[in-house]
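Pasting a structure here, questions to come.
Residue numbers begin at 1 in each chain, while the letters A, B, ... track the order of the sequences.
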There are 2 protein chains.
Amino acid sequence: MVSHTEENYLKAIFKLSEKDKISASTNAISKEMNTSAASVTDMLKRLAEKDLINYEKYKGVTLTKKGNTLATNLIRCHRLWEVFLLEKLDFSWDEVHDIAEQLEHIKSDKLTERLDRFLEYPKFDPHGDPIPDAEGNFTYRKQVLLNDLKENEKGIVVGVNEHSSSFLQYLDRHHLNLGAQIKVLEHFDYDSSKKINLNDQADLILSSKVCQNLFIQKS
Amino acid sequence: MVSHTEENYLKAIFKLSEKDKISASTNAISKEMNTSAASVTDMLKRLAEKDLINYEKYKGVTLTKKGNTLATNLIRCHRLWEVFLLEKLDFSWDEVHDIAEQLEHIKSDKLTERLDRFLEYPKFDPHGDPIPDAEGNFTYRKQVLLNDLKENEKGIVVGVNEHSSSFLQYLDRHHLNLGAQIKVLEHFDYDSSKKINLNDQADLILSSKVCQNLFIQKS
DNA sequence: TTATATTTTTAGATTAATCTAAAAATATTT
DNA sequence: AAATATTTTTAGATTAATCTAAAAATATAA
Ligand SMILES: [Mn+2]
Ligand SMILES: [Mn+2]
Ligand SMILES: [Mn+2]
Ligand SMILES: [Mn+2]
């Protein structure tokens, strides 16, 4: 019914609409998918034909209800598989994404449900991203970027804003895992870096780039 | 490198060569794959080009070493996933095959290894078929068809020769699971059916068709 | 408000995987 | 050995997914 490729386009459109809250442009999709704009136009026609997106020439696209449901389910599968790989098969959080990109396309509602149950209905994936339930509802959480924490404010690392392996491995090396306790000791205007205390133990200095990519739940 | 479709052809060729111990014919492959003979010829050229099969026009095909390794690994993945679905996600043995057909194509050697470890290196799948190890070695087992058991001989159900849902469900209904103890009480020449005793409890009569599709390890 | 730049679409090709129909090769019967 | 049947291959099309190059539409800047 819906091909592997079509599913990937739906996910890309979902991701773009989520960020911009507005319709996704052909060019944006082509960048997200690493394909030519011409290929995107072709595919948009096909997706519109199947009533998965709202498409008008030159106007960009949004997901229909049907398209949104499919995209949400893909994200659900993706993130459940990531939890499985990390929790049950001992993969690290920088390895799970690529394999989950493949696993998310396995078509079986029963499998998704059973996997969810087996994992005891996790609400967040290994990167702190919310896992929608079978009805497509996401759990929201109050979170800010570490960047937005003032001196002396405390919080817990609950997610990452960048998912690259290099960033995740960097975090590992400094024990900045999900759940880590952080207290901002000092902010340096010069380069926007911050000195923080980690888990009431070592102090360390984090660059502005790191601070912009860590989600914190204030405490 | 090797597409989903090419993988399915390799599996089909493996299966046919295994049974007949001889090269697989175009027609046999087309039946196994539910495609036209013309499509098979096309694909055989492509697989030969990639050095996955030995192919000569009109002569049928055999797998090369490379093709055999790939096919064996697919079977390994398939059967490991079947074990996972049954043992960990509580699927029944008539449900696991179709989902495993999809899962077997996930490309990650590390995933296969980790899954194998997680399942504690099973040697047989839910239908009693052997699971090759990472080097491609199958565990062999002395087994006969229930058909070949004489009166008063005993044994344990270790596998099935037919994998259809209807057969597996039939076995479930009569508690003829893997591990069941069977003693042949009487053979009826008239229709080749057998009266057997199951687990030292109930007696029941099994048709010739059932007896031809149950593998027994004599005891 | 015209000129320039950017984005998007169309036109025309390519490749993998499939098909049907017809031709060629091989196998089986008479 | 010739006739007939079966299997296999070729020829020619189709569909999904992709591409490049060029044209058309829209957005931005002078
Ligand atoms: Mn991911
Ligand atoms: Mn994730
Ligand atoms: Mn199977
Ligand atoms: Mn099996």
Provide the full list of side chain to side chain donor-acceptor pair (under 3.5 Å) pairs with a residue in residues 56-66 of chain A, sequence neighbours left out, each pair given once.
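Output for this query lists A:Asn54-A:Thr62.
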Under the side chain to side chain donor-acceptor pair (under 3.5 Å) rule, what pairs show up with a residue in residues 108-118 of chain A, not counting sequence neighbours?
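Only A:Arg76-A:Glu113, A:Arg76-A:Asp116, A:Lys110-B:Glu95, A:Arg117-B:Asp90 qualify under side chain to side chain donor-acceptor pair (under 3.5 Å).
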Without decimals, in angstroms, what is the distance between A:Lys59 NZ and D:dT26 C1'?
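Rounded to whole Å, this separation is 9 Å.
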Just call it for B:Thr41: base, sugar-phosphate, or nothing, with non-hydrogen atoms closer than 4.0 Å on any strand.
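Base contact.
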Indicate whether OP1 or OP2 belonging to D:dT26 is found under 4.0 Å from a side-chain N or O atom of A:Lys57.
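No.
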Determine which pairs satisfy ring pair (Phe, Tyr, Trp, His ring centres under 6.0 Å) with at least one residue from residues 60-80 of chain A, sequence neighbours left out, and list them in order.
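Residue pairs with at least one partner in residues 60-80 of chain A: A:His78-A:His97.
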Nearest whole Å is fine: how far is C:dT8 P from A:Ile29 CD1?
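A:Ile29 atom CD1 is separated from C:dT8 atom P by 9 Å.
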Distance in angstrom units between A:Asn27 CG and D:dT28 P, rounded
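Roughly 13 Å, once rounded to whole Å.
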Which value, rounded to the nearest 0.5 Å, describes the distance between A:His187 atom NE2 and A:Lys194 atom NZ?
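A:His187 atom NE2 to A:Lys194 atom NZ measures 5.0 Å (nearest 0.5 Å).
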Scoring nucleotides 14-24 of chain C by protein non-hydrogen atoms under 4.0 Å (B base, S sugar-phosphate only, - none) yields --SSBBBB---
With sequence neighbours left out, what residues match A:Lys218 under salt bridge (charged side-chain N to carboxylate O under 4.0 Å, His left out)?
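Listed in chain order: A:Glu153.
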With sequence neighbours excluded, tell me which residues meet side chain to side chain donor-acceptor pair (under 3.5 Å) with A:Asp42.
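Partners of A:Asp42 under the side chain to side chain donor-acceptor pair (under 3.5 Å) test: none.
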Base partner of D:dA22, which must satisfy Watson-Crick or wobble distances under 3.5 Å
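D:dA22 is paired with C:dT9.
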